[in-house]
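Presented below is the structure to which this report refers.
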Amino acid sequence: QVQLVESGGGLVKAGGSLRLSCAASGRAFSIYTMGWFRQAPGKEREFVAAIKWNGGTTLYADSVKGRFAISRDNAKNTMLLQMNSLSPEDTAMYYCAAPRLAFTEPNRGSYGYWGQGTQVTVSS
């Protein structure tokens, strides 16, 4: 059974940084594209970033491009999201996501497994 566990969220002041981690288990990690999503109160869940199974290609939402960096360590079954220059608009629950199919390209849609989320709160 696929399990995704996020960590690293917290409270930070505007302009600060946080690094989120997603630990995956239950299947071979290195052949699956992975993604990050977020959901703010009263809003729909939105795509943040995705990384190809081999780490060779990344995809970002326009709102985070240049401030966030997604990476992965296939030897440790871990995905990271480095978030810099945070603003109150980044406040949300952040979710790690994985697709059901292997060897896919990074995308904004096709994810079938989700973690429980980690809360990020940015104060002004």
Side-chain angles (χ1 to χ4, degrees):
Q1 183 174 354
V2 176
Q3 287 192 319
L4 305 173
V5 179
E6 304 92 338
S7 62
L11 174 63
V12 64
K13 292 183 178 180
S17 298
L18 281 175
R19 188 175 74 169
L20 305 184
S21 296
C22 172
S25 62
R27 65 179 185 181
F29 178 75
S30 63
I31 62 173
Y32 293 92
T33 287
M34 297 290 294
W36 286 101
F37 287 75
R38 67 186 182 185
Q39 187 168 20
K43 295 187 177 181
E44 293 186 355
R45 186 168 56 194
E46 64 173 355
F47 169 79
V48 174
I51 186 166
K52 191 171 180 175
W53 49 273
N54 63 1
T57 305
T58 57
L59 182 66
Y60 294 95
D62 288 344
S63 59
V64 307
K65 202 173 295 183
R67 300 187 298 123
F68 291 11
I70 189 172
S71 62
R72 64 190 296 159
D73 185 339
N74 285 347
K76 296 182 178 179
N77 292 356
T78 299
M79 175 178 65
L80 302 175
L81 185 68
Q82 178 67 41
M83 306 187 296
N84 300 324
S85 302
L86 286 162
S87 72
E89 289 71 34
D90 296 313
T91 294
M93 185 72 79
Y94 283 72
Y95 297 92
C96 170
R100 297 188 184 275
L101 299 178
F103 301 117
T104 57
E105 293 296 316
N107 63 85
R108 294 178 172 84
S110 308
Y111 296 88
Y113 299 102
W114 300 86
Q116 292 299 307
T118 185
Q119 178 67 39
V120 171
T121 303
V122 185
S123 63
S124 58

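Heavy atoms from other residues, nucleotides or ligands lying under 6.0 Å from CD of Gln116 number 12 at most.
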Side chain to side chain contact (heavy atoms under 4.5 Å, CB included), that's the test. Do Asn77 and Arg72 meet it? Break it down for me.
CA-CA 8 Å; Asn77 292 356; Arg72 64 190 296 159; over 6 Å; no

Might you work through the side chain to side chain contact (heavy atoms under 4.5 Å, CB included) test for Lys52 and Thr58, ending with a clear yes or no?
CA-CA 6 Å; Lys52 191 171 180 175; Thr58 57; over 6 Å; no

In sequence, state the C-alpha distance, the side-chain angles, and the governing distance for Val120 and Val122, and then conclude on side chain to side chain contact (heavy atoms under 4.5 Å, CB included).
CA-CA 7 Å; Val120 171; Val122 185; 4.1 Å; yes

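Between the Arg45 side chain and the Gln39 main chain, no donor and acceptor come within less than 3.5 Å of each other. In this structure, Thr78 contributes its side chain and Lys76 its backbone to a donor-acceptor pair below 3.5 Å.
Rounding to the nearest 0.5 angstrom, the gap separating the CD atom in Glu44 from the CD atom in Glu46 is 10.0 Å. The CG atom of Leu81 lies 8.0 Å from the OG atom of Ser71; values are rounded to the nearest 0.5 Å. For the atom pair Leu80 CG and Trp36 CH2, the distance stands at 8.0 Å (nearest 0.5 Å).
If you run ring-ring contact (aromatic ring centres under 6.0 Å, His included) between Phe47 and each of Tyr94, Phe37, Tyr111, only Phe37 comes through.
Note: the hydrophobic cluster containing Met79 also contains Tyr113 (ILVMFWY, side chain heavy atoms under 4.5 Å, direct or indirect links). When the side chains of ILVMFWY residues are joined at heavy-atom separations under 4.5 Å, either directly or via intervening members, Met83 and Met34 end up in a single hydrophobic cluster.
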Please list, one pair per line, the donor and acceptor atoms closer than 3.5 Å that link side chains of residues 7-31 to other protein atoms, with sequence neighbours excluded.
unit_1 : atom_1 : unit_2 : atom_2 : d
Ser17  : OG     : Asn84  : OD1    : 2.9
Arg27  : NH1    : Pro99  : O      : 3.1
Arg27  : NH2    : Pro99  : O      : 2.5

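Under the ring pair (Phe, Tyr, Trp, His ring centres under 6.0 Å) criterion, the residue pairs touching residues 48-85 are Trp53-Phe103, with sequence neighbours excluded.
Every side chain to side chain contact (heavy atoms under 4.5 Å, CB included) that Ser110 has, sequence neighbours left out, goes to Asn107. Tyr95 pairs by the ring pair (Phe, Tyr, Trp, His ring centres under 6.0 Å) definition with nothing, not counting sequence neighbours. Checked against side-chain hydrogen bond (donor to acceptor under 3.5 Å, both in side chains), Gln3 has no partners two or more places apart in sequence or in another chain. Partners of Gln119 according to the side chain to side chain contact (heavy atoms under 4.5 Å, CB included) rule, which considers only residues two or more places apart in sequence or in another chain, are Thr91, Met93, Thr121.
A 4.5 Å side-chain heavy-atom check between Arg100 and Val2 finds every atom pair outside the cut-off.
The heavy-atom pair separating Gly117 from Glu6 by the smallest distance is N-OE1, 2.9 Å.
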